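The structure appears right after this line, and notes come after that.
Order of listing sets the numbers, starting from 1, for every ligand and every atom in it. One-based numbering along the sequence shown. Being a predicted model, the structure only gives us computed values, none of them experimental.
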Amino acid sequence: MSSNSSSNSSRISGFHKLGVPERVQRVLDFAGLPAAGLAPLFHGTGHLPVALADQLIENVVGTMNIPLGVATNLLIDGQDYLVPMATEESSVVAAVCNAARQCHDTGGFITSMSATQMIAQVQLVEVPDPANARLAILEHLDEIRDVCNACDPVLVSLGGGFRHLEVRIIDAASGPMVVTHLIVDTRDAMGANAVNSMAEKIAPHIESWTGGRVRLRILSNLADRRLARARCIWHVDAIGGADVRDGIIQAYEFAQMDPYRATTHNKGIMNGVTAVVLATGNDTRAIEAGAHAYAARRGWYSSLTHWEVTRDGHLAGSIEIPMAVGLVGGATRLHPMAGACLKIMRIESAEQLARVIAAVGLAQNFAALKVLATEGVQKGHMSLHSQNIALMAGAQGDEIALVARRLVELGTVRIDVAEQELEALRGGA
Ligand code: NAD
């Protein structure tokens with residue numbers, strides 16, 4: 001156990017060995033939250049009332065529960081975090097805890113953010129003179145700013161609103177298109193609805209200035225003006241030596257050069273990222289789409305992270321990823337569990353949340369590359385997976401751990417073997 005084991009340290013010894021109610025209590029204590037009101041939310045699994053679910057989407061028939069775990073050991077910008085993660089995949093939470101433990105005592109993660117700006121696109125077609133039209137739109141900068149800001153006085157009062165204007169010409173098969181980008185600071189909102197309203201409002205103006213016809217008016221999920229960044233140095237001694245470090249670098253270089261590898265490399269990063277995005281009620285598809293498009297920004301699909309050796313021989317990892325998450329809008333304010341997860345992390349702004357998520361993505365990537373470059377994934381994965389297989393075979397209560405352990409001992413994590421072992425266990429009882 002580290003020396004940082006006070007109640008406000010995220011290094012909680014033996015957290016995984018506690019029962020669920022004890023874990024909930026530790027998390028609430030860490031966040032300084034009263035158990036009353038919040039604890040029942042965690043103890044039950046049906047925390048989304050059907051009436052609320054019915055308001056969030058259409059044709060509701062029920063809710064779908066996903067396990068919510070908490071990643072420990074995360075030290076981000078000098079502050080300890082316990083990070084809730086919603087995922088159905090085993091090993092994901094453990095991987096983050098593991099990676100974060102190996103850098104906690106040497107400073108943890110340092111993060112930053114480019115801005116909280118989103119882009120709305122307005123597509124203008126049927127323009128015979130696209131270069132002329134482009135300049136005509138740019139000339140109306142002040143008017144565009146006023147129209148956009150008038151759409152959302154609340155956002156403007158919070159320091160957000162229209163920031164920049166870009167106009168591009170795209171040569172499409174049907175003819176030139178003039179594409180206007182409205183760049184808007186959406187502060188603590190993800191901002192899709194906010195910028196879509198602005199794009200729709202400005203469309204008739206663009207038509208009148210150019211004589212063209214507006215078709216699409218919609219946000220771009222390539223949120224490259226909302227980049228969350230995280231970096232971290234793992235000391236070479238803390239990660240098992242120079243050979244492990246070099247294996248991680250070679251694994252990264254493989255992903256950098258090969259899209260087949262990069263896809264899985266980035267999928268691992270998104271295991272961490274998406275789990276926090278989901279836990280906070282944010283739009284997972286928006287983040288996934290933005291991340292993968294950003295990974296292909298150079299013209300080929302590549303790694304979202306970067307790994308190198310420092311002058312002292314340590315391992316430096318970094319990530320830069322579009323992170324359009326919000327604290328208002330969509331399900332973020334409405335879903336009771338999303339609100340509780342934000343409280344556990346003591347999140348005060350969308351920027352802070354985005355930075356924490358970037359750190360989680362980097363931690364996840366470190367854990368994956370380290371295990372891949374050394375023992376391989378199956379050993380750790382299979383011991384967790386064996387529990388699912390034991391459950392599938394019908395094991396209950398204490399039987400689950402016994403059957404799972406036996407499967408790992410046999411080195412064969414298969415449903416038929418689990419059934420045989422369960423039968424033998426029950427027969428022998
Ligand atoms: P929203 O419109 O519900 O809320 C945003 C508004 O809240 C702002 O416009 C502002 O007026 C107000 N607000 C109050 N406090 C604020 C604060 N502190 N910071 C900023 N704004 C504040 O939500 P939204 O974020 O515009 O939209 C998000 C939702 O849109 C998500 O559910 C997403 O799934 C959905 N969506 C996504 C896409 C896409 O990704 N392509 C497209 C359409 C809709």
Review point. Got a sec, which pairs hit ring pair (Phe, Tyr, Trp, His ring centres under 6.0 Å) with one end in residues 165-224, sequence neighbours left out?
Key: His140-Trp209, His205-Trp209
When you pair each N or O of ligand 1 with protein N or O atoms, which pairs come out under 3.5 Å?
{"unit_1": "ligand 1", "atom_1": "9 (O)", "unit_2": "Asp152", "atom_2": "OD2", "d": "2.4"}
{"unit_1": "ligand 1", "atom_1": "11 (O)", "unit_2": "Asp152", "atom_2": "OD1", "d": "2.7"}
{"unit_1": "ligand 1", "atom_1": "11 (O)", "unit_2": "Asp152", "atom_2": "OD2", "d": "3.3"}
{"unit_1": "ligand 1", "atom_1": "19 (N)", "unit_2": "Asp188", "atom_2": "N", "d": "3.1"}
{"unit_1": "ligand 1", "atom_1": "25 (O)", "unit_2": "Met190", "atom_2": "N", "d": "3.1"}
{"unit_1": "ligand 1", "atom_1": "25 (O)", "unit_2": "Gly191", "atom_2": "N", "d": "2.6"}
{"unit_1": "ligand 1", "atom_1": "26 (O)", "unit_2": "Ala192", "atom_2": "N", "d": "3.4"}
{"unit_1": "ligand 1", "atom_1": "26 (O)", "unit_2": "Asn193", "atom_2": "N", "d": "3.0"}
{"unit_1": "ligand 1", "atom_1": "26 (O)", "unit_2": "Ala194", "atom_2": "N", "d": "3.1"}
{"unit_1": "ligand 1", "atom_1": "27 (O)", "unit_2": "Asn193", "atom_2": "N", "d": "3.4"}
{"unit_1": "ligand 1", "atom_1": "27 (O)", "unit_2": "Asn193", "atom_2": "ND2", "d": "3.2"}
{"unit_1": "ligand 1", "atom_1": "30 (O)", "unit_2": "Asn193", "atom_2": "ND2", "d": "3.4"}
{"unit_1": "ligand 1", "atom_1": "34 (O)", "unit_2": "Asp283", "atom_2": "OD2", "d": "2.7"}
{"unit_1": "ligand 1", "atom_1": "40 (O)", "unit_2": "Asn221", "atom_2": "ND2", "d": "3.0"}
{"unit_1": "ligand 1", "atom_1": "41 (N)", "unit_2": "Asn221", "atom_2": "OD1", "d": "3.0"}

Check your understanding: If you measure from the Lys or Arg side-chain nitrogens to the Asp or Glu carboxylate oxygens, is any gap between Glu351 and Arg355 under 4.0 Å?
Key -> yes
Exercise for review: Report yes if some heavy atom in the side chain of Cys232 is under 4.5 Å from a heavy atom in the side chain of Leu362; otherwise report no.
Suggested key: yes
Check your understanding: Is the shortest distance from a Lys or Arg side-chain nitrogen in Glu166 or Arg225 to a carboxylate oxygen in the other one below 4.0 Å?
Key -> yes
Exercise for review: Taking only Lys NZ, Arg NE, NH1 and NH2, and the carboxylate oxygens of Asp or Glu, determine whether Arg187 and Asp185 approach each other closer than 4.0 Å.
Suggested key: yes
Check your understanding: Hey, does Val96 have a side-chain heavy atom less than 4.5 Å from the side chain of Met85?
Key -> yes
